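If you're wondering where the values come from, they're calculated on a predicted model, not measured in any experiment. Heavy atoms only: backbone and side chains are in, while hydrogens, waters and symmetry mates are out. The first residue of the sequence shown is numbered 1, and numbering continues consecutively from there.
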Amino acid sequence: MVLDSAADTTLLLEAAEVPPVLEENTAGRSAFLLTCDHYGRLIPRALGDLGLPAGELTRHIAWDIGIAGVAEQLSNHLGAHLIAQRYSRLVIDCNRPPVAPSSIPRISEATTIPGNEGLAREAVEMRRQTIFDPYHRHIQGVIDARLREGMPTVLVSLHSFTPVYAGIARPWHIGTLYQRDTKLPPLLLRLLRTEADLVVGDNEPYAVSDETDYTIPVHAEARGLMNSGIEIRQDLIEDQAGQKQWADRLARIFTEIEATLRAQQLLPA
Ligand SMILES: [Zn+2]
């Protein structure tokens, strides 16, 4: 079966269903471009509930709990363009190379995903063409346009992590995630560590790699853009008060980072 790219959306998403890409502050002039791969937990109606009980579809395995509220408010505070993805990572993970086994996970943490078992190549391809490709094409197009306009672009990829994974409690409140950028992550780490109340992870609870990540390696590293991932512990941002507090804190820190990068002539004055 050959999927026509013009028709792909109608194959998996009905007309009334929202597109995968959500944006805020598209005209924002901030140097920071925010992405949020695990923003939402929608499932295309055609895929039902993936064979999972409702309780599983609101857990961390389905999305990054709390990050949507942080991302939107941080975008507003900074005047930064936010590009987010509305569908659950159980449908297709937008931060995994499509060749990775965890792209469409058959097991997440200890939960088997019946709707992801034994998928035909066409079914895999349809999820990719409906959700993964439009999201990443859009990020690429936005970066292309910014670079054409000579607009400074620093990619910040926003995530949240579960406080307990496979029975192990995680001590960090926030972590920076990076691989090849040597400019932004150390600066971000230094400023986060001046916040006396925080336990800060340096490439914890995850590190970025080409095998396990997509957004940072492809959109930032391959294009030579400064970048960092951020992971916030989900129990700190599960309610609106926590989301506001973290958006405020990160806005303050990124404003200081921007000034420092300008002083270091890593961004235009
Ligand atoms: Zn995530």
Side-chain angles (χ1 to χ4, degrees), residues 22-25 28 30 32-42 54-90 93-95 108-109 154-178 184-185 187-206 208 215-216 228-258:
L22 174 144
E23 289 183 282
E24 300 279 351
N25 295 305
S30 167
F32 298 110
L33 173 63
L34 309 178
T35 58
C36 199
D37 306 328
H38 304 138
Y39 172 99
R41 56 177 181 84
L42 297 177
E56 294 287 351
L57 297 174
T58 53
R59 289 182 63 223
H60 76 91
I61 60 171
W63 64 328
D64 280 2
I65 293 169
I67 203 64
V70 176
E72 285 170 6
Q73 292 176 72
L74 182 60
S75 165
N76 290 337
H77 284 320
L78 296 174
H81 190 162
L82 165 67
I83 306 175
Q85 204 292 101
R86 291 186 172 104
Y87 286 85
S88 173
R89 67 167 162 222
L90 295 177
D93 191 326
C94 281
N95 191 37
S108 183
E109 199 171 11
V154 178
L155 186 94
V156 178
S157 178
L158 299 167
H159 293 269
S160 69
F161 64 95
T162 183
V164 179
Y165 186 83
I168 309 288
R170 291 150 150 191
W172 313 280
H173 298 107
I174 186 168
T176 58
L177 285 77
Y178 55 93
L184 177 60
L187 183 54
L188 178 56
L189 269 175
R190 181 165 64 72
L191 289 179
L192 286 170
R193 283 176 170 156
T194 61
E195 309 269 309
D197 56 331
L198 295 186
V199 178
V200 180
D202 178 357
N203 262 340
E204 297 282 6
Y206 310 103
V208 173
T215 299
I216 284 180
S228 184
I230 285 183
E231 290 267 3
I232 305 172
R233 208 176 66 202
Q234 289 167 359
D235 57 305
L236 306 173
I237 53 172
E238 63 196 356
D239 63 16
Q240 288 184 0
Q243 292 161 21
K244 179 182 182 314
Q245 205 177 79
W246 276 87
D248 289 350
R249 190 199 290 257
L250 289 175
R252 173 167 54 75
I253 289 171
F254 275 103
T255 301
E256 193 174 337
I257 287 175
E258 189 170 2

Worksheet entry | 4.5 Å side-chain heavy-atom contact, Ile237 and Ser160 | yes
Discussion item. Can a donor-acceptor pair be found, under 3.5 Å and without considering hydrogens, that links the side chain of Gln245 to the backbone of Ala241?
Written reply: no
Item to complete: In sequence, state the C-alpha distance, the side-chain angles, and the governing distance for Asp37 and Asp64, and then conclude on side-chain contact (heavy atoms from CB on, under 4.5 Å).
Response: CA-CA 9 Å; Asp37 306 328; Asp64 280 2; over 6 Å; no
Worksheet item: How about Thr35 and Leu158: do any of their side-chain heavy atoms sit closer than 4.5 Å?
Response: no
Item to complete: Check step by step if side chain to side chain donor-acceptor pair (under 3.5 Å) holds for Ser157 and His159.
Response: CA-CA 7 Å; Ser157 178; His159 293 269; 3.2 Å; yes
Response to the item:
For Trp246 and Val70, the nearest pair of non-hydrogen atoms, with its separation, is CB-CG2, 4.4 Å
Worksheet item: Hey, is the main chain of Tyr178 close enough, under 3.5 Å, to the side chain of Asn203 for a donor-acceptor pair?
Response: yes
Response to the item:
Heavy atoms of Ala62 and Ser88 approach each other most closely as O-OG, 2.8 Å
Fill in: Min side-chain heavy-atom separation Ser108-Leu90 under 4.5 Å
yes
Fill in: Donor-acceptor contact present, side-chain Asp239 to main-chain Gly242, <3.5 Å
yes
Worksheet item: Does a side-chain heavy-atom distance below 4.5 Å link Tyr165 with Pro205?
Response: no
Discussion item. Applying salt bridge (charged side-chain N to carboxylate O under 4.0 Å, His left out) to Glu231 and Arg170, what does each step give before you reach the verdict?
Written reply: CA-CA 12 Å; Glu231 290 267 3; Arg170 291 150 150 191; over 6 Å; no
Worksheet entry | Pair Phe161-Glu204, side-chain contact (heavy atoms from CB on, under 4.5 Å): steps then yes or no | CA-CA 10 Å; Phe161 64 95; Glu204 297 282 6; over 6 Å; no
Worksheet entry | Shortest non-hydrogen contact between Phe32 and Leu78, atoms and distance | CD1-CD1, 4.3 Å
Worksheet item: Which atom pair, heavy atoms only, marks the closest approach of Gly201 to Trp172?
Response: CA-CD1, 3.4 Å
Fill in: Interatomic spacing from CG in Leu82 to CG in Leu33 - rounded to 0.5 Å
8.5 Å
Discussion item. For the backbone of Thr58 and the side chain of Trp63, can you confirm whether one donor and one acceptor N or O come within less than 3.5 Å of each other?
Written reply: yes
Fill in: Atom pair CG/CD of Leu187 and Glu256 - distance to nearest 0.5 Å
8.0 Å
Worksheet item: Taking 4.0 angstrom as the limit, do Lys244 and Asp248 come out as a salt bridge?
Response: yes
Practice prompt. Tell me, with the steps shown, if Leu250 and Ile232 meet side-chain contact (heavy atoms from CB on, under 4.5 Å).
Written response: CA-CA 11 Å; Leu250 289 175; Ile232 305 172; 3.9 Å; yes
Worksheet item: side chain to side chain donor-acceptor pair (under 3.5 Å) with His60: which of Glu109, Gln234, Arg41?
Response: Glu109
Worksheet, complete the sentence: In this structure, CG of Leu188 is separated from OG of Ser228 (nearest 0.5 Å) by 5.0 Å
Worksheet item: Would you say the side-chain atoms of Thr255 pair up with the backbone N or O of Ala251, donor to acceptor, closer than 3.5 Å?
Response: yes
Discussion item. Could you check whether any side-chain heavy atom of Arg59 comes within less than 4.5 Å of a side-chain heavy atom of Ile65, counting everything from C-beta outward?
Written reply: no
Worksheet item: Considering all heavy atoms of both residues, which atom of Ala80 and which atom of Ser75 are nearest to each other, and what is their separation?
Response: O-OG, 2.7 Å
Worksheet item: Do Leu177 and Ile230 come close enough that some side-chain heavy atom pair is under 4.5 Å?
Response: no
Worksheet item: Regarding Glu23 and His81, is there a side-chain donor-to-acceptor distance under 3.5 Å anywhere?
Response: yes
Discussion item. I need the Cys94 SG to His38 NE2 distance, nearest 0.5 Å.
Written reply: 7.0 Å
Practice prompt. Would you please say whether a donor-acceptor pair under 3.5 Å links the side chains of His173 and Arg233?
Written response: no
Discussion item. For Glu195, is the CD atom crowded, meaning more than 12 foreign heavy atoms sit under 6.0 Å from it?
Written reply: yes
Discussion item. Return the CG to OG1 distance between Leu189 and Thr194, rounded to the nearest 0.5 Å.
Written reply: 11.0 Å
Worksheet item: What are the two closest heavy atoms between Ile67 and Cys36, and how far apart are they?
Response: CG2-SG, 3.5 Å
Worksheet item: Taking side chain as C-beta onward, heavy atoms only, is Asp197 less than 4.5 Å from Arg249?
Response: yes
Item to complete: Would you please test Arg190 and Leu192 for side-chain contact (heavy atoms from CB on, under 4.5 Å) and show each step?
Response: CA-CA 6 Å; Arg190 181 165 64 72; Leu192 286 170; over 6 Å; no
Worksheet item: So, do Leu34 and Leu74 sit near enough that their side-chain heavy atoms are less than 4.5 Å apart?
Response: yes
